[in-house]
Amino acid sequence: MYILVTGSSSERIRVQELDSAGVPTSVGRMLTTAQFRALVRERDQDGVRWVWEDTARSYPVLLRGSVRVQRCHDLRLCHAILRNSALTAASALANAPAGRWDAPAAASPVESRGTTLFDMDLGVAEDNRPEPADGDALAEFQAQLQAVRASADPGRLRLLLAAESVGALIAAEMQFAGLPWRSAIHDSLLTAELGPRAAAGIRPARLEELAVRIRTELGDREVNPDSPPDLLRALNRAGLAVATTRAWELEKLEHPVIEPLLRYKKLSRLLAANGWFWMESWIIDDRFHPEYLPGGVVTGRWATRGGGALQLPKQIRGAVVADPGWSFVVADAAQLEPRILAALSTDTAMAAAGRGTDLYAGIVASGVVETRAHAKVAMLGAMYGATSGESGRLLPRLARAYPRALALTEAAARAGERGDVVSTRLGRSSPRPGADWEDGQARASEAGASPADERRARSQAREWGRFTRNFIVQGSAAEWALCWMAEIRKGLRTLPVPATPATPLARGGLELRTPPSPFADTPHLVFFLHDEVIVHTPAALAGEVARIVTEAASTAGRLLFGDFPVDFPLTCVVVDSYADAK
DNA sequence: CGAGCCCGCGCG
DNA sequence: AAAGCGCGCGGGCTCG
C-alpha cells in the first residue's frame, strides 16, 4: 500500500492512495500541514509506504510536528538509480529523454530544531473537491515500479530502493536532531591550540609566532606561509629542493624551518576549517546540523553540504559530548571493504581470514604476509589498483591466497578500461566515461595515432579501470551501511521510551524554550561516516542500543549476501565524548 | 569584483 | 606522482 504525497513544500499537501501496482484507489485529497501530520500518525502503522518526490523537502514538515514515518519511496533518488542501472537498461524509464527527475536536488532550506521553532500552520480550510492528480509524480512512480518488475533482478533492486529511501529518512532525521556539540569545549580546544581568538584577518598568537619563526628561519621577512607558490619560492631560495609544499614532502627534509612550518600548516588548517568562524556558522543551540546528501557520491556513498561534516578532524571531536544523563554509542565496522570484497567474490578463504576477528590479523595468521601493516596495504592496493611500491610487490601473494577476490577486482578494472559499466551487489551501476575519454580512446586506435596519443589513452583507460575496480567495493559497502543503519533505526524504535520528567513543553508556560522534537526522549542516530555511526541515547539504554547496533550489522550482511559465511564485526563503545571512541 | 581553477589537507 | 579509490572546503590566484 502506497500513499502518494505531492506539493508538500507549501502549506497545501495532496495525498492519494495507490494499490500495490501503483494504481490510484481513491481520488486525491488536499490537506493542511496539521491534517497531513494527523494522517501520517494514523496510517503509518499500517505498513504504508509514503511516496514523495524529495524526502529532504517533504519530511521536515512532519519532523517539526514530532511525526516520524517508517517507510518511504524517494522518487528522485530512486529515479537516479534506475536511470543508470544495468539491470534496468532496457526499461522505458532508462531510455526516456532527460527530464525533471534527472535534475540535481534543490538546495534544501535549513530545516532543523533550533532554527525553525514552529512552522506556520495557517488553518487552510479542508477543501473536499477532488484534486487533479499530479500526473507527473504518479506516472514517474508507475514507471519506476514497471522498471523494477521487468528488471533482471527485482528483489535486489527493491532492497536497494528501500535502503536508499530509508537512508533519506535517516539523513533528514539526523539533520533535524543534530549532533550534540559543546561550543564552550570547542572554544577552549581552539584557545589551547591557537591562543585566544583574534579579530577577523588577524592570526591568533600561536599562529603569528610560528609565522615569525618561519620567516626568520627562511631569512625572508616577506614570505606568506599561506601562499603555496610564495612559500615554495622561499623554500627553494633557502636551498630546500622540493617541488611542492605538501606536508608529507616537507617531513622528509632536515632544516630548522620544517618543524615550525609543519606546525603552522596544522594549526592554520584547524583555524580555517573548524575554527571560531565555523563554530558560529554551524553550531546552533549546541547542535551541529549538517545537510546530508544521500546518493551524493556516484558510488552511493553519502555526501554533505556545508560544514564539512564528513571531515571532522580528530582534534576537535572532544566537543562532541552527550547531553547530561545521555551517552553515545559509537560503532564502526571493522575492515568493512575487504569483507565486502570477500562476500562479493564468494572468496571463502578471505572470508575465513576475517571470521570473528581482525581480518588483517587473520591474513597474517594464514601466513600470506608477515605483518598486519603489510596485510592492510596489500588489501588497499588490491581494491584501489596499486601497481608499484610495497603494495604492488605484495599483491601476487594476496592473489595466490585469495584468487577469487583478486579475480573480481581485476575483472572490474578490465571492464572499466574497455569503457564498460560495472554494478554493485544490489544493482547500482557505474557511470559511463565521458565523451573526452571515448574520443581519446578512439583517437589512439586510429592509424595516425602518435605514441603520445597512445600513452595518454592507455593512462586514462587505466585510470577509469581503477575507478570501476573500486566502485564495486565502495558502492557495495555503502549498500551494506544503508542496510545497517536501516536495521539500527528499526531496532531503536522497539525500545521502550523511558519515563522522564515532564519536558518544559509539557509543563506549559515555557513552550518556546524547547521546540518539539520526536527525539527528545528516545535513542536516535546523530552521525554517520561511511562505516561508522553514533547513536545518542539515554544512558540507561546504552547497553540495549549497543546490542541493537551489533545485531543490525549481522542482519545487514544477510540482507546483502544471504547465508554466505562472512562476518561483519564492529568496534562498539559507550562513551560520553566522541573523543573517547577508539 | 565574482567565477572558476589549483593547491593542500581533513575524513573514510 | 605518495602507490592507489571516493569526497568537501578554504585560501590564493588568474582571468574576464
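- Glu249(A) and Thr244(A) share a donor-acceptor pair across their side chains, judged by distance under 3.5 Å alone.
- A side-chain donor-acceptor contact under 3.5 Å links Arg203(A) and Tyr264(A).
- Donor-acceptor pairing under 3.5 Å is lacking for the side chains of Ser429(A) and Asn84(A).
- Rounded to a whole Å, the CD atom of Glu417(A) is 13 Å from the P atom of dC5(C).
- With a 4.5 Å cut-off on side-chain heavy atoms, Ile363(A) and Tyr402(A) count as touching.
- Between dC9(C) and dG4(C), the distance separating the two C1' atoms is 23 Å to the nearest Å.
- For the pair Leu270(A) CG and dG10(C) C1', the computed distance is 13 Å after rounding to whole Å.
- The main-chain N or O of Thr55(A) is found under 3.5 Å from a side-chain atom of Asp74(A) such that the two form a donor-acceptor pair.
- The strand DNA chain C forms stems, runs of 3 or more Watson-Crick or G-U wobble pairs with distances below 3.5 Å, at B:1-12 with C:5-16.
- The distance from atom CG of Leu250(A) to atom C1' of dA2(C) is 13 Å, rounded to the nearest whole Å.
- Backbone-only engagement by Arg246(A) is indicated by non-hydrogen atom pairs under 4.0 Å involving sugar-phosphate atoms exclusively.
- Formation of a donor-acceptor pair under 3.5 Å by the Arg339(A) side chain with backbone atoms of Ala334(A) is found in this model.
- Donor-acceptor pairing under 3.5 Å is recorded for the side chains of Thr571(A) and Asp332(A).
- Near-neighbour residues of DNA chain C inside residues 193-222 of chain A, defined by a heavy atom below 4.0 Å, are absent.
- A salt bridge links Glu410(A) to Arg414(A): one of the charged nitrogens lies within less than 4.0 Å of a carboxylate oxygen.
- Nucleic acid contact for Ser268(A): none, since no nucleic acid atom lies under 4.0 Å from a heavy atom of the residue.
- What you find for Ala386(A) and Leu395(A) is that their closest heavy atoms are O-CD1, 3.4 Å.
- Separation of the C1' atoms belonging to dA1(C) and dC6(B) is 16 Å when rounded to the nearest angstrom.
- Nucleic acid contact for Ala247(A): sugar-phosphate only, since backbone atoms but no base atoms lie under 4.0 Å from a heavy atom of the residue.
- The P atoms of dG4(B) and dA3(C) are separated by 34 Å, rounded to the nearest whole Å.
- Rounded to an integer number of Å, the gap from Phe277(A) CZ to dG11(C) C1' is 13 Å.
- When rounded to the nearest whole Å, the span between NE2 of His530(A) and C1' of dC7(C) equals 7 Å.
- The Gln311(A) side chain lies nearest to dC9(C) when the options are dC9(C), dG8(B), dG6(C).
- No donor-acceptor distance shorter than 3.5 angstrom exists from the side chain of Arg305(A) to the backbone of Tyr292(A), with no hydrogens or angles considered.
- Of the residues near DNA chain C, Ala303(A) and Val377(A), the one whose nearest nucleotide (by heavy atom distance) lies more toward the 5' end is Val377(A).
- Nearer the 5' end of DNA chain C, as judged by each residue's closest nucleotide, is the contact made by Thr299(A), out of Thr299(A) and Ala272(A).
- Using modelled atom types, one finds a donor on one side chain and an acceptor on the other under 3.5 Å when comparing Arg404(A) with Thr346(A).
- Applying the ring-ring contact (aromatic ring centres under 6.0 Å, His included) rule to Phe288(A) yields the partners Trp181(A), Trp278(A); only residues at least two apart in sequence or on another chain are considered.
- Within a 6.0 Å radius of CZ in Arg462(A), other residues, nucleotides and ligands contribute 12 heavy atoms or fewer.
- The distance from atom CG of Leu310(A) to atom P of dG10(B) is 16 Å, rounded to the nearest whole Å.
- Not one N or O on the side chain of Ser391(A) forms a donor-acceptor pair closer than 3.5 Å with the backbone of Thr387(A).
- The base of dC9(B) sits within donor-acceptor range of the side chain of Arg269(A), with an N or O pair under 3.5 Å.
- Within residues 459-484 of chain A, the residues approached by DNA chain C to less than 4.0 Å at the level of any non-hydrogen atom are Arg466(A), Phe467(A), Asn470(A), Gln474(A), in residue-number order.
- Per the geometry, NZ belonging to Lys314(A) stands 17 Å off P belonging to dC9(B), to the nearest Å.
- As rounded to whole Å, 11 Å separates atom P of dG10(B) from atom CG of Leu267(A).
- No donor-acceptor distance shorter than 3.5 angstrom exists from the side chain of Thr304(A) to the backbone of Glu291(A), with no hydrogens or angles considered.
- When only modelled atom types and interatomic distance are considered, His524(A) and Glu173(A) share no side-chain donor-acceptor pair under 3.5 Å.
- Gly307(A) comes within contact range of the sugar-phosphate backbone alone, with a heavy-atom separation under 4.0 Å but no base atom that close.
- A heavy atom lying under 4.0 Å from DNA chain C marks the following residues of residues 379-401 of chain A, by number: Gly381(A), Tyr384(A), Gly385(A), Ala386(A), Ser388(A), Ser391(A).
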Identify each atom pair where a protein N or O and an N or O of nucleotides 13-16 of chain C are less than 3.5 Å apart, giving names and distance.
| from | atom 1 | to | atom 2 | distance (Å) |
| --- | --- | --- | --- | --- |
| dC13(C) | OP1 | Ser227(A) | OG | 2.4 |

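- Not one side-chain nitrogen or oxygen of Lys266(A) sits closer than 4.0 Å to the OP1 or OP2 atom of dC9(B).
- The 12-atom threshold is not exceeded at CZ of Arg456(A), counting heavy atoms of other residues, nucleotides or ligands nearer than 6.0 Å.
- The phosphate of dA2(C) has neither OP1 nor OP2 within less than 4.0 Å of any side-chain N or O from Lys252(A).
- Out of dG10(B), dA2(C), dG12(B), the shortest distance to the side chain of Pro313(A) is found at dG10(B).
- At least one donor-acceptor pair under 3.5 Å links the side chain of Ser85(A) to the backbone N or O of Leu87(A).
- Among the protein residues, Leu312(A) comes within range of the sugar-phosphate backbone only, with heavy atoms under 4.0 Å from sugar or phosphate atoms but none that close to a base.
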